[in-house]
Amino acid sequence: DIAPIWCDITTKLRVGADVGVAAASVCLMRQLESIAAARQIHFSPSDRRRQRLIDLALGLGLPTLIMILHVVVQGHRYDILQRVGCIAAVYWSYPAVFFVTIWPPFLLTLAAAYGALALRLVLARRYQFAKLLQSSKS
């Protein structure tokens with residue numbers, strides 16, 4: 001082990017990145033669904049601030065929290081696999097499932113649900129627009 005500090009840093013970042021990518025997908029799909037729904041035309045500064053805070057909490061806060069909670073369920077600092085490098089060590093238990101493992105699939109399922117809602121709304125708007133063009137004989 002030539003760089004133990006490097007492995008400590010990269011394993012934590014890898015745990016955070018797994019959750020962070022999924023959380024970023026949720027933020028993007030939530031924004032896309034909000035645009036497709038067109039519930040509001042104008043957003044007040046407080047609405048924009050609230051949206052930013054939610055996105056920051058989900059995109060930065062949750063991965064940071066998961067990186068901190070990973071310390072609770074790691075059996076040892078890290079594992080080293082040949083041709084892979086340093087990977088996070090997790091002592092597999094029920095707390096490990098709830099603290100670390102469940103978040104990426106949960107967040108990606110949430111992102112898929114938002115994506116499906118956005119797609120449904122876009123298709124509904126497209127259908128309404130086609131009907132409007134047909135009724136106006138345009």
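FYI, side chains are in, hydrogens and waters are out, and symmetry mates aren't considered; it's all heavy atoms of this structure.
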Can you give me the closest heavy-atom contact between [X] and [Y], atom names plus distance?
| X | Y | answer |
| --- | --- | --- |
| P104 | A22 | O-CB, 3.9 Å |
| V26 | L58 | CG1-CD2, 3.5 Å |
| A36 | V122 | CB-CG2, 3.9 Å |
| G20 | P63 | CA-CG, 3.6 Å |

Approximate separation, where rounding is to 0.5 Å, of [X] [atom1] and [Y] [atom2]:
| X | Y | atom1 | atom2 | result |
| --- | --- | --- | --- | --- |
| T10 | Y78 | OG1 | OH | 8.5 Å |
| Q31 | I54 | CD | CD1 | 10.5 Å |
| R49 | S44 | CZ | OG | 8.0 Å |
| D18 | L108 | CG | CG | 10.0 Å |

Who passes side-chain contact (heavy atoms from CB on, under 4.5 Å) against [X], sequence neighbours left out?
| X | result |
| --- | --- |
| D55 | C27, R30 |
| I87 | R14, D79, L81, V84 |
| A24 | none |

Side chain to side chain donor-acceptor pair (under 3.5 Å) contacts in which one or both residues fall within residues 61-72, not counting sequence neighbours: K12-H70, H70-Q74
Output yes when a side-chain donor or acceptor of W103 lies under 3.5 Å from a complementary backbone atom of F98, and no otherwise. yes
Any non-hydrogen side-chain atom of R125 less than 4.5 Å from a side-chain atom of Q128? yes
Contact check, side chains of W92 and T101, non-hydrogen atoms, under 4.5 Å: yes
Restricting to side chain to side chain donor-acceptor pair (under 3.5 Å), what partner residues turn up for E33, sequence neighbours left out? R39
Output the rest of the hydrophobic cluster of L123: all Ile, Leu, Val, Met, Phe, Trp and Tyr residues reachable through side-chain heavy-atom contacts under 4.5 Å, sorted by chain and number. L119
Same hydrophobic cluster for L117 and L28, using side-chain heavy-atom links shorter than 4.5 Å among ILVMFWY? no
